[in-house]
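Below is one structure, written out as structure tokens; the observations come after it.
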Amino acid sequence: MEQLGRKEIPVGCRGGGCGVCRVQVLDGGEYHTGKMSREQISEDDEAKGICLACKLVPDSDLQLKVVGKWQNQFVTSTSSKN
Amino acid sequence: MSFKGVMRPGHAAIRVLDMQESVKYYVERIGLIKTDEDDQGRVYLKAWDEHDRFSIVLREADSPGIDHMAFKVYSTADLDEFEGKLNDYGQNVERIPANELKGCGERVRFDSPSGHTFELYAEKEVLGNGLGRKNPDPWPEGLKGMQVYRFDHCLLYGSNSKGTVDIFREVLGFDLTEEVVSPEGDRIAAFLSCSNKAHDLAILEYAEPGKLHHVSFMLMSWEEVLRAADIMGMHNISIDIGPTRHGITRGRTIYFFDPSGNRNEVFCGDYTWYPDHGPITWNAEELGKAIFYHDRKLNENFLTVVT
């Protein structure tokens, strides 16, 4: 997405560390994640489908909501309805 | 000029999410040399032109960031003296026994108002830079990746940064080389030197305490900075910004991230600092130019992405 110039999700460190690309997976899509900073993503967050987009690997089509600290700059059509 | 007292940044203790991936990155890409590991799983690394056993310690943890930054002082007498002064200044000070980090002598650990932990030490096992001290060659063969020469400095982000800056200036003898001042007259960033360098430590005022902005490694030329950027392209290393020029310190630089999201820098070419120069002041209105002299734009990532 980044290489294609798409800007819906903010991009930070790309390493699961800074928390800028925080998103929430909506409606029970299937996915798995790499290791993310526990300071940024708590166990509660994970249970709610919140994760860092840079460490998110989709296993099905997903609907995402941007919930990071820059969400006001990069509001997607999905998130603006919520 | 004397490099007595605090001489230089000695090491940074960095948290990483995945040790195997991180060691590969710091050895194969940055070009550090792995010198040891310990029974806690910590890995010790040095740049080739450093003489002491390590300058980076990696520890696997749940969150990336910096555990502490340590400075080497000239003698054990200096260490004792600084310990006393830090106690008198009101910091929480703790002696860490020798070899708690392998090959490092006793360390004096102290806290700071910005939420960072710092340490001083006087002794560390010497491995040399691989060239010897008699009729040495200019560089060793077999170096990897970006072939950095040394761990050079850190930029730390934290709240109450003024208090931390005061400790370094008033207790540890650092000079303020450059500063960024807000329209209200508050210093929002300080660049501090204990040596001839434009900075050995920089601290920026930030909403959260104890954050790491970057760990910096030195190169010798713009060509080497460009070559480092090529290596980032080859291996899909996450780039933040650059290669470009800083206004502050004049460094030629590129910023990028380690596999855990800790920001790294390789840079070359700041100026020589002397204590009689007096600090350079940047107005916050010129912050774009102060940080990235060509773009002259404030970069949201550079200002807010930290670990």
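Chain letters run A, B, ... following the sequence lines, proteins first, then strands; residues in each count from 1.
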request  = Examine distances only and state if a side-chain atom of T307(B) and a backbone atom of G17(A) form a donor-acceptor pair shorter than 3.5 Å.
outcome  = no
Enumerate, atom names and distances included, each donor-acceptor pair closer than 3.5 Å involving a side-chain atom of residues 46-58 of chain A, sequence neighbours excluded.
residue, atom, partner, partner atom, Å
E46(A), OE2, R38(A), NH1, 2.8
E46(A), OE2, R38(A), NH2, 3.1

inquiry  = Under the rule for side chain to side chain contact (heavy atoms under 4.5 Å, CB included), what residues qualify as partners of Q147(B), not counting sequence neighbours?
reply    = L143(B), R227(B)
message = Tell me whether Q20(B) at atom CD has more than 12 heavy atoms from other residues, nucleotides or ligands lying less than 6.0 Å away.
response = no
inquiry  = A quick test of your reading: do over 12 heavy atoms of other residues, nucleotides or ligands sit less than 6.0 Å from CD of Q40(B)?
reply    = yes
D62(B) side, atom CG; S42(A) side, atom OG - distance, nearest 0.5 Å = 12.0 Å
query = Most heavy-atom pairs under 4.5 angstrom with chain B, which of G15(A), C13(A), G19(A), C18(A)?
reply = C13(A)
key: D59(A) atom CG: more than 12 heavy-atom contacts under 6.0 Å   = yes
inquiry  = Testing the basics here: between N301(B) and V11(A), what is the closest heavy-atom pair and its distance to 0.1 Å?
reply    = ND2-O, 2.7 Å
Interatomic spacing from CD1 in I237(B) to CZ in R14(A) - rounded to 0.5 Å = 12.0 Å
key: Trace of the side chain to side chain contact (heavy atoms under 4.5 Å, CB included) decision for E60(B) with K35(A)   = CA-CA 12 Å; E60(B) 190 171 287; K35(A) 192 169 176 183; 4.2 Å; yes
